[in-house]
Asks: 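Please find one structure pasted underneath; my questions will follow.
Keep in mind the model is a prediction, meaning the values are calculated, not measured. Chain letters run A, B, ... following the sequence lines, proteins first, then strands; residues in each count from 1.
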Amino acid sequence: MITTKIPESEAELIARAQALAGLTLGEIARQEKIKIPKNLNKEKGWIGLLLEQVLGASAGSKPIPDFPHLGVELKTIPIDRHGKPLETTFVCVAPLTGLVGATWQNSHIKNKLSKVLWVPVISERIIPVADRIVGTPFLWSPSVEEEQLLAQDWQELTDMIVLGEVENIHGKHGQILQLRPKAANSQAKTKAFNKNGKPFMTLPRGFYLKTAFTQQLINRFLRIN
DNA sequence: ATCTGATCATTG
DNA sequence: CAATGATCAGAT
């Protein structure tokens, strides 16, 4: 971010991302003069931050797209050598309050997922971080069908939150989206409302895309390209 | 505490 | 061995 030029167009961003395909994280980190961790135990977001920097993301930790002028969100996705996602994909924190009048259309998550540059990284744990290879990036926007599914899941999960049932939500709710803890630890607390409309403190949650869904995206783009 | 970036690690 | 709950670092 400090020395990398911000991409001026979507085409430039994609070109820059495609230029990374086939490179190892070690090669990219050396180029950026970033120290490579032995594992990701203590730096779980390291790969994402590395790619943000080399691609010129400018949003920092602000709650806006990584490339605000392009409306593009950057997401790295760990895959195995066959292209299978190794983890669910965190999207954003789930609001547990202030949901009166909330709609899918005006939701933070809808905005975040409107245009995503996916950068797969072959990231099996047995492969040293420095030797992990960047795959072929692809730009994705939800199809009508995909957005329908996202909106449906968002509505179901949001309805439960509004009804004070956030603590009854489990990973199986939602077809492609799920709600799970997203916090520093299990002691973290944020405000929510119970069934009687009374405030109480609960674990912060986030929206995640299930691996079956991201697998479909990868399959589709690998087939077309 | 809350948001960004996510993956770890225990469990079923 | 996938899935769900737990966790780590940094900026604000």
Asks: Residues of residues 165-192 of chain A with any non-hydrogen atom less than 4.0 angstrom from an atom of DNA chain C: list those, numerically ordered, please.
Replies: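 Close to the strand are H170(A), G171(A), K172(A), Q178(A), R180(A), P181(A), K182(A), A183(A), A184(A), N185(A), S186(A).
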Asks: What is the distance, rounded to the nearest whole Å, between atom CG of L209(A) and atom P of dT7(B)?
Replies: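 Atom CG in L209(A) sits about 13 Å away from atom P in dT7(B).
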Asks: Can you classify the ring geometry of W140(A) versus F213(A) as parallel (below 30°), tilted (30 to 60°) or perpendicular (above 60°)?
Replies: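 Correct class here is perpendicular.
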Asks: Would you indicate whether K189(A), at its atom NZ, is surrounded by more than 12 heavy atoms from other residues, nucleotides or ligands within a distance under 6.0 Å?
Replies: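 More than 12 heavy atoms, drawn from other residues, nucleotides or ligands, come within 6.0 Å of this atom.
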Asks: Whole Å only: how far is the CG atom of L74(A) from the C1' atom of dG5(B)?
Replies: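 Whole-Å distance recorded here is 10 Å.
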Asks: Contact class for P78(A) (heavy atom, under 4.0 Å): base, sugar-phosphate, or nothing?
Replies: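 Here P78(A) touches the backbone only, sparing every base.
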Asks: dA6(B) phosphate, OP1 or OP2: any side-chain N/O from T76(A) under 4.0 angstrom?
Replies: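 Yes, T76(A) has a side-chain N/O under 4.0 Å of OP1/OP2 on dA6(B).
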Asks: Rounded to the nearest Å, what distance is computed from the CG atom of residue N41(A) to the P atom of nucleotide dT7(C)?
Replies: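 Rounded to the whole Å, the gap is 14 Å.
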Asks: Whole angstroms only, please: what is the CD-P distance between E124(A) and dT7(B)?
Replies: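 The distance from CD of E124(A) to P of dT7(B) comes to 14 Å, rounded to the nearest Å.
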Asks: Report yes or no: is there a donor-acceptor pair, N or O only, under 3.5 Å between the side chain of Y208(A) and the base of dA3(C)?
Replies: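 No, no donor-acceptor pair under 3.5 Å.
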Asks: Using only side-chain N and O atoms of R125(A), determine if any of them is under 4.0 Å from OP1 or OP2 of dC8(B).
Replies: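 Looking at the OP1 and OP2 atoms of dC8(B), one of them is under 4.0 Å from a side-chain N or O of R125(A).
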Asks: Looking at V119(A) and P137(A), what are the two nearest heavy atoms and their distance?
Replies: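 Distance-wise, the nearest heavy atoms are CG2-CB, 4.1 Å.
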Asks: Closer than 4.0 Å, any side-chain N/O of K42(A) to the OP1 or OP2 of dA6(B)?
Replies: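 Answer no for this pair, as no side-chain N or O of K42(A) is under 4.0 Å from OP1 or OP2.
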Asks: Could you give the distance from CG (L150(A)) to CD (E145(A)), rounded to the nearest 0.5 Å?
Replies: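 Between L150(A) CG and E145(A) CD, I get 11.5 Å after rounding to 0.5 Å.
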Asks: Give the rounded distance in Å between these two atoms: CG of D66(A) and P of dT4(B).
Replies: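 Going from D66(A) (CG) to dT4(B) (P), I get 10 Å.
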Asks: Tell me whether I47(A) shares a hydrophobic cluster with F90(A), the cluster being built from Ile, Leu, Val, Met, Phe, Trp, Tyr side chains joined at under 4.5 Å.
Replies: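 Different clusters: I47(A) never reaches F90(A) through Ile, Leu, Val, Met, Phe, Trp or Tyr contacts under 4.5 Å.
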Asks: Send over the distance from K38(A) NZ to dC8(C) C1', rounded to a whole Å.
Replies: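 In whole Å, dC8(C) C1' and K38(A) NZ are 18 Å from each other.
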Asks: Output the rounded distance in Å from CE (M201(A)) to C1' (dA1(B)).
Replies: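 From M201(A) CE to dA1(B) C1': 8 Å.
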Asks: Return the CG to CD distance between L20(A) and Q31(A), rounded to the nearest 0.5 Å.
Replies: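 So the gap between those two atoms works out to 7.5 Å.
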Asks: Are F193(A) and V166(A) connected, step by step, through hydrophobic side chains (Ile, Leu, Val, Met, Phe, Trp, Tyr) whose heavy atoms are closer than 4.5 Å?
Replies: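 In one cluster: no.
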Asks: Closer to the 5' end of DNA chain B via nearest nucleotide, is it C92(A) or E87(A)?
Replies: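 Looking at the nearest nucleotide for each, C92(A) comes out on the 5' side.
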Asks: P7(A): which residues meet the side-chain contact (heavy atoms from CB on, under 4.5 Å) condition with it, sequence neighbours left out?
Replies: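 Counting only residues at least two positions away or on another chain, P7(A) forms a side-chain contact (heavy atoms from CB on, under 4.5 Å) with E12(A), L13(A), R16(A), F67(A).
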Asks: How long is the straight-line distance from OG1 of T190(A) back to CZ of F200(A), given to the nearest 0.5 Å?
Replies: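 Between F200(A) CZ and T190(A) OG1, I get 10.0 Å after rounding to 0.5 Å.
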Asks: Expressed in angstrom and rounded to an integer, what is the separation of L50(A) atom CG from dA6(B) atom P?
Replies: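 Rounded to whole Å, this separation is 11 Å.
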Asks: With a non-hydrogen cut-off below 4.0 angstrom, is G48(A) in contact with a base, only sugar-phosphate, or nothing?
Replies: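 The answer is sugar-phosphate, as G48(A) gets under 4.0 Å only of primed atoms, P, OP1 or OP2.
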Asks: State, to the nearest 10°, the angle formed by the axis through the first five base pairs of the helix from dA1(B)-dT12(C) to dG12(B)-dC1(C) and the axis through its last five.
Replies: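 Axis-to-axis angle, ends of the helix: 30°.
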Asks: Hey, are R220(A) and E146(A) close enough for a salt bridge, meaning a charged N less than 4.0 Å from a carboxylate O?
Replies: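 Between E146(A) and R220(A) there is a salt bridge, with a charged N closer than 4.0 Å to a carboxylate O.
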